Engineer: 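A single structure is presented below for examination.
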Amino acid sequence: MSQPIATETINNAVTAFSLAGSPRDVRPYGNGHINDTYLVTCGNAGEEKKYILQRMNHSIFQNPQALMENIANVTAFLQKSISEKGGDPERETLCVIRTKNGENYFEDSFHNFWRVFPFIEGTFCLEKVENAGDFYDCATAFGSFQRLLADYPAETLHETIPLFHHTPARFRTFQEAVAKDPLGRAESVQAEIDFALAREADTHVLTDLLEKGELPLRVTHNDTKLNNILFDAATKKALCIIDLDTVMPGLSLYDFGDAIRTGANTGAEDETDLSKIGLDLSLFETFTEGFLKGCAGSLTPLEIKLLPMGAKLMTYECGIRFLADYLVGDIYFKIHRETHNLDRARTQFKLVADMEKKWPEMEEIVTRLS
Ligand code: ADP
Ligand code: GN1
Ligand code: MG
């Protein structure tokens, strides 16, 4: 678990950035698992301006400079494309606020790395799908995000976390965690470990096809959780894709799969009552339809055929990441209770098992919609 940051350190970071008005309130914000996020309010009531300040997790993102270069370039590209399409570049994409020295991040004397985005006003995030319409919107938003970036020069992007969705590499890390078992937790979670080990053959299905050139490498978001979309409070429509730390070359199936994992689950990622966990086939259908629309004909027949596999593998991969983190002592994902990562792993495996049961229906939906 990350240590709380001293107020003085946070305030010092705020003052490094070129903001409109003096900061008068800074408070923790949001439910992300990775970065430390704060809402900063500047100026006087009535004419206040808000910002999102984040301390980047640089044990996870080891090269914050490269990471911020990606985000600054990608958001500049998106702003231009959104303007050309007649959209609102100030609300439909993030934009990087510079420091007083003109840098796109600030490094303090404790080796913390900070960045600031404008707070997009009048928006909300969903932790859970509340209705099918919202999820359809998420799907078109993630699909068109991928399409908007289709012309982005992928070779200029830094790989912010090497092998991020390389499921065989994630599997090896998981096996190492089981072998090391530094806290002696493995024995009590043998059933979960066995579940994961039994599916080793699935782990390399997508990477094999990528290596053979049968699946195209695209610029993808790679972290398409539901709460990485801001919705417009006035229109209730998906407005802006956030959390761009992992925008890198990847597979379209990663973005599809991760969104199904979070949005088409009948329960929460950390639900302890596993009877509440399962795949909502109707939401799976809704998202598939919206994603295909957002991608606007850019997916190949093989990508479309493999959408169910994308959903299953992203869920499985997240499960082994949570379980590995539980075994090694919860060093990666923020936790709020001792068994939090184990609870998360269990929901993911329950969801995988349910997808396996509903496989024919998932395939039928994809065939029907394609
Ligand atoms: P993490 O990587 O830790 O998930 P995020 O970048 O997703 O961090 O931010 C955490 C939360 O902060 C989001 O889920 C969202 O609620 C909120 N948030 C982030 N950026 C903005 C923004 N520019 N405007 C409004 N809310 C934001
Ligand atoms: C993390 O940053 P956040 O909370 O949106 C993680 C994802 C996981 C997710 C599980 C950089 O996402 O890969 O799927 O938690 N992000 C990173 O909830 O590791
Ligand atoms: Mg996030």
Side-chain angles (χ1 to χ4, degrees), residues 2 27-41 49-62 64 67-68 70-71 75 90-97 114-128 138 142 159-167 170 173 220-233 239-248 250 254-255 257-263 265 268-271 311 313-325 330-336 340-341 343-345 347-348 351:
S2 60
R27 60 187 62 199
Y29 194 77
N31 284 323
H33 290 348
I34 303 295
N35 297 301
D36 296 304
T37 303
Y38 301 88
L39 176 63
V40 179
T41 308
K49 175 95 184 119
K50 292 187 181 144
Y51 298 92
I52 286 288
L53 167 76
Q54 288 183 318
R55 182 177 72 151
M56 292 176 258
N57 186 327
H58 90 273
S59 59
I60 290 179
F61 297 104
Q62 300 206 342
L67 169 79
M68 287 311 293
N70 274 1
I71 296 189
T75 52
E90 288 188 9
R91 287 176 62 71
E92 293 175 31
T93 173
L94 292 178
C95 105
V96 176
I97 301 281
W114 301 85
R115 66 178 173 211
V116 170
F117 300 114
F119 177 76
I120 304 181
E121 297 274 1
T123 59
F124 62 92
C125 264
L126 290 177
E127 294 300 326
K128 191 174 175 346
C138 288
F142 280 132
E159 205 178 345
T160 54
I161 301 183
L163 303 175
F164 188 59
H165 281 312
H166 194 285
T167 316
R170 294 289 187 186
T173 307
T220 47
H221 182 280
N222 295 306
D223 192 1
T224 49
K225 271 168 85 159
L226 201 55
N227 69 6
N228 286 332
I229 293 196
L230 298 178
F231 278 78
D232 190 320
L239 178 72
C240 176
I241 308 277
I242 59 167
D243 206 342
L244 306 178
D245 295 328
T246 50
V247 173
M248 293 182 274
Y254 300 158
D255 282 2
D258 213 21
I260 294 294
R261 175 186 84 71
T262 51
N265 185 350
E269 184 180 82
D270 59 356
E271 175 60 61
L313 261 195
M314 286 301 98
T315 309
Y316 168 85
E317 180 187 282
C318 211
I320 57 173
R321 289 175 66 194
F322 287 141
L323 189 54
D325 203 34
D330 308 298
I331 38 194
Y332 189 96
F333 296 105
K334 288 184 187 173
I335 54 164
H336 305 291
H340 212 158
N341 273 319
D343 297 339
R344 290 169 177 150
T347 62
Q348 301 308 290
L351 185 55

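Both counts, for ligands and for their atoms, begin at 1 and track the order of listing. Residue numbers count from 1 along this sequence. In this text, all values refer to a predicted model and were calculated from it rather than measured experimentally.
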Engineer: List ligand 1 atoms under 4.0 Å from Gln54, heavy atoms only on the residue side.
Structural biologist: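 Listed by number with element, the hits are 5 (P), 6 (O), 8 (O), 9 (O).
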
Engineer: Can you sort out which atoms of ligand 1 are near His33, meaning under 4.0 Å from one of its heavy atoms?
Structural biologist: 3 (O), 4 (O)

Engineer: State the atoms of ligand 1, each with its element, that fall below the 4.0 Å cut-off from a heavy-atom position in Asn227.
Structural biologist: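 Answer for ligand 1: 13 (C), 14 (O).
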
Engineer: My understanding is that only one of Arg261, Arg321, Glu317 makes a side chain to side chain donor-acceptor pair (under 3.5 Å) with Gln348; could you say which?
Structural biologist: Arg261

Engineer: Between Asp36 and Lys334, does any NZ, NE, NH1 or NH2 come within less than 4.0 Å of an OD or OE carboxylate oxygen?
Structural biologist: yes

Engineer: For the Mg ion (ligand 3), give me the closest N/O/S atom belonging to Asp243, just the atom name.
Structural biologist: OD2

Engineer: When the ring centroid of Tyr51 is compared with that of Tyr38, is the distance short of 6.0 Å?
Structural biologist: no

Engineer: Which heavy atom of the protein is the closest neighbour of atom 11 (C) of ligand 1, given with residue, atom name and distance?
Structural biologist: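 Nearest protein contact, heavy atoms only, for atom 11 (C) of ligand 1 is Gly30 CA, 3.9 Å.
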
Engineer: List every atom of ligand 2 that sits less than 4.0 Å from any heavy atom of Phe61, numbering the atoms from 1 in the order shown and giving each element.
Structural biologist: 11 (C)

Engineer: Could you tell me the separation between the OG1 atom of Thr173 and the NE2 atom of His166, rounded to the nearest 0.5 Å?
Structural biologist: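 Rounded to the nearest 0.5 Å, the OG1-NE2 separation comes out at 11.0 Å.
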
Engineer: Would you check if there is a donor-acceptor pair between the side chains of Asn57 and Asn35 at a distance under 3.5 Å?
Structural biologist: no

Engineer: Assess whether atom CD of Glu271 is packed by more than 12 heavy atoms of other residues, nucleotides or ligands within 6.0 Å.
Structural biologist: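 More than 12 heavy atoms, drawn from other residues, nucleotides or ligands, come within 6.0 Å of this atom.
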
Engineer: Please name the pair of heavy atoms, one in Asn227 and one in Ile242, separated by the smallest distance, quoted to 0.1 Å.
Structural biologist: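 Closest pair (atom of Asn227, atom of Ile242, distance): O-CD1, 4.0 Å.
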
Engineer: Check each of Ile60, Asp243, Leu53, Leu244 against atom 1 (P) of ligand 1 and report the one with the nearest heavy atom.
Structural biologist: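 Among Ile60, Asp243, Leu53, Leu244, the closest heavy atom to atom 1 (P) of ligand 1 comes from Asp243.
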
Engineer: Starting from atom 13 (O) of ligand 2, what is the nearest protein heavy atom, named by residue and atom, and what distance separates them?
Structural biologist: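 Looking at atom 13 (O) of ligand 2, the protein heavy atom closest to it is Arg321 NH1, 2.8 Å.
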
Engineer: Can you report which non-hydrogen protein atom sits closest to atom 2 (O) of ligand 2, along with the distance?
Structural biologist: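 Looking only at protein heavy atoms, the one closest to atom 2 (O) of ligand 2 is Ile34 CG1, 3.1 Å.
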
Engineer: Is there a donor-acceptor contact under 3.5 Å from the side chain of Asn222 to the main chain of Val247?
Structural biologist: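 Pair absent, no side-chain N/O of Asn222 close to backbone of Val247.
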
Engineer: Which pair of non-hydrogen atoms, one from Asp258 and one from Lys225, has the smallest distance, and what is that distance?
Structural biologist: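 Smallest heavy-atom distance, with atoms named: OD2-N, 4.4 Å.
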
Engineer: Confirm or rule out an N/O/S atom of Asn228, from backbone or side chain, lying less than 2.8 Å from the Mg ion (ligand 3).
Structural biologist: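 Coordinating: yes.
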
Engineer: Would you call Asp232 and Arg91 a salt bridge, taking side-chain N to carboxylate O under 4.0 Å as the test?
Structural biologist: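 A salt bridge links Asp232 with Arg91.
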
Engineer: Is Asn228 close enough to touch ligand 2? Criterion: a residue heavy atom under 4.0 Å from a ligand atom.
Structural biologist: yes

Engineer: For atom 15 (O) of ligand 2, grab the closest protein heavy atom and report residue, atom and distance to one decimal in Å.
Structural biologist: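 Nearest neighbour among protein heavy atoms for atom 15 (O) of ligand 2, to 0.1 Å: His33 CD2, 3.4 Å.
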
Engineer: Which heavy atom of the protein is the closest neighbour of atom 16 (N) of ligand 2, given with residue, atom name and distance?
Structural biologist: Asp223 OD2, 3.4 Å

Engineer: Pick one: which of Asp330, Asp343, Asp270 meets side chain to side chain contact (heavy atoms under 4.5 Å, CB included) with Ile335?
Structural biologist: Asp330

Engineer: At under 4.0 Å between heavy atoms, is it the side chain or the backbone of Phe322 that contacts ligand 2, or both, or neither?
Structural biologist: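 The part of Phe322 near ligand 2 is the side chain, not the backbone.
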
Engineer: In the protein, which heavy atom is nearest to atom 3 (O) of ligand 1, and how far is it?
Structural biologist: Asn35 N, 2.9 Å

Engineer: With heavy atoms only and a cut-off of under 4.0 Å, state how Asp223 meets ligand 1: side chain, backbone, both or neither.
Structural biologist: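 Under 4.0 Å from ligand 1, Asp223 contributes no heavy atoms.
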
Engineer: Side chain or backbone of Arg261 under 4.0 Å from ligand 2, or both, or neither, by non-hydrogen atoms?
Structural biologist: side chain

Engineer: Which one holds for Lys225 and ligand 2: side chain close, backbone close, both close, or neither close, with close meaning a heavy atom under 4.0 Å?
Structural biologist: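 Side chain only.
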
Engineer: Return the closest protein heavy atom for atom 16 (O) of ligand 1 as residue, atom name and distance.
Structural biologist: Cys125 SG, 3.3 Å

Engineer: Among protein heavy atoms, which sits nearest to atom 24 (N) of ligand 1, and what does the distance come to when rounded to 0.1 Å?
Structural biologist: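 Nearest protein contact, heavy atoms only, for atom 24 (N) of ligand 1 is Ile120 N, 3.0 Å.
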
Engineer: Side chains of Phe333 and His340, heavy atoms from C-beta outward: is any pair under 4.5 Å?
Structural biologist: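 Not touching, per the 4.5 Å side-chain cut-off.
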
Engineer: Using heavy atoms and a 4.0 Å limit, tell me yes or no: is Asp245 in contact with ligand 2?
Structural biologist: no

Engineer: Looking only at heavy atoms, which two atoms of Phe231 and Cys138 are closest? And how far apart?
Structural biologist: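 Here Phe231 and Cys138 meet closest at CZ-SG, 3.6 Å.
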
Engineer: Could you check atom 19 (C) of ligand 1 against the protein and tell me its nearest heavy-atom contact, residue, atom and distance included?
Structural biologist: Ile242 CD1, 3.6 Å

Engineer: Any nitrogen or oxygen of Glu269, side chain or backbone, less than 3.5 Å from one on ligand 2?
Structural biologist: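 In this structure, Glu269 places an N or O atom under 3.5 Å from an N or O of ligand 2.
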
Engineer: Looking at ligand 1, does any of its N/O atoms fall within less than 3.5 Å of an N/O of Pro118?
Structural biologist: yes

Engineer: Could you tell me how the ring of Tyr254 sits relative to the ring of His165: parallel (under 30°), tilted (30 to 60°) or perpendicular (over 60°)?
Structural biologist: tilted

Engineer: Quick check on contacts: which atoms of ligand 1 are under 4.0 angstrom from a heavy atom of Asn228?
Structural biologist: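 By the 4.0 Å cutoff, the relevant atoms are 7 (O).
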
Engineer: Is it the case that the side chain of Thr37 and the backbone of Gly30 share a donor-acceptor pair, with hydrogens and angles ignored and the cut-off at 3.5 Å?
Structural biologist: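 Not a single qualifying donor-acceptor pair exists.
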
Engineer: What atoms of ligand 2 come within less than 4.0 Å of a heavy atom belonging to Asp243?
Structural biologist: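 Checking each atom against Asp243, I get 2 (O), 3 (P), 5 (O).
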
Engineer: Under 3.5 Å, is there a donor-acceptor pair linking the side chains of Thr347 and Glu269?
Structural biologist: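 Looking only at side-chain atoms, Glu269 and Thr347 do not form any donor-acceptor pair under 3.5 Å.
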
Engineer: For ligand 2, which atoms have a heavy atom of Tyr332 less than 4.0 angstrom away?
Structural biologist: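 It comes down to these atoms of ligand 2: 11 (C), 17 (C), 19 (O).
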
Engineer: Knowing that exactly one of Ile71, Ile52, Leu94, Ile97 qualifies, which makes a side chain to side chain contact (heavy atoms under 4.5 Å, CB included) with Arg115?
Structural biologist: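 Answer to the side chain to side chain contact (heavy atoms under 4.5 Å, CB included) test with Arg115 among Ile71, Ile52, Leu94, Ile97: Ile71.
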
Engineer: Give the numbers and elements of all ligand 2 atoms closer than 4.0 Å to a heavy atom of Cys318.
Structural biologist: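 Those qualifying, in numeric order: 10 (C), 14 (O).
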
Engineer: For atom 27 (C) of ligand 1, which of Ile52, Thr37, Leu94 has the closest heavy atom?
Structural biologist: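 The option holding the nearest heavy atom is Ile52.
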
Engineer: Only heavy atoms of Ile34, strictly under 4.0 Å: list the atoms of ligand 1 that pass.
Structural biologist: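 Checking each atom against Ile34, I get 2 (O), 3 (O).
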
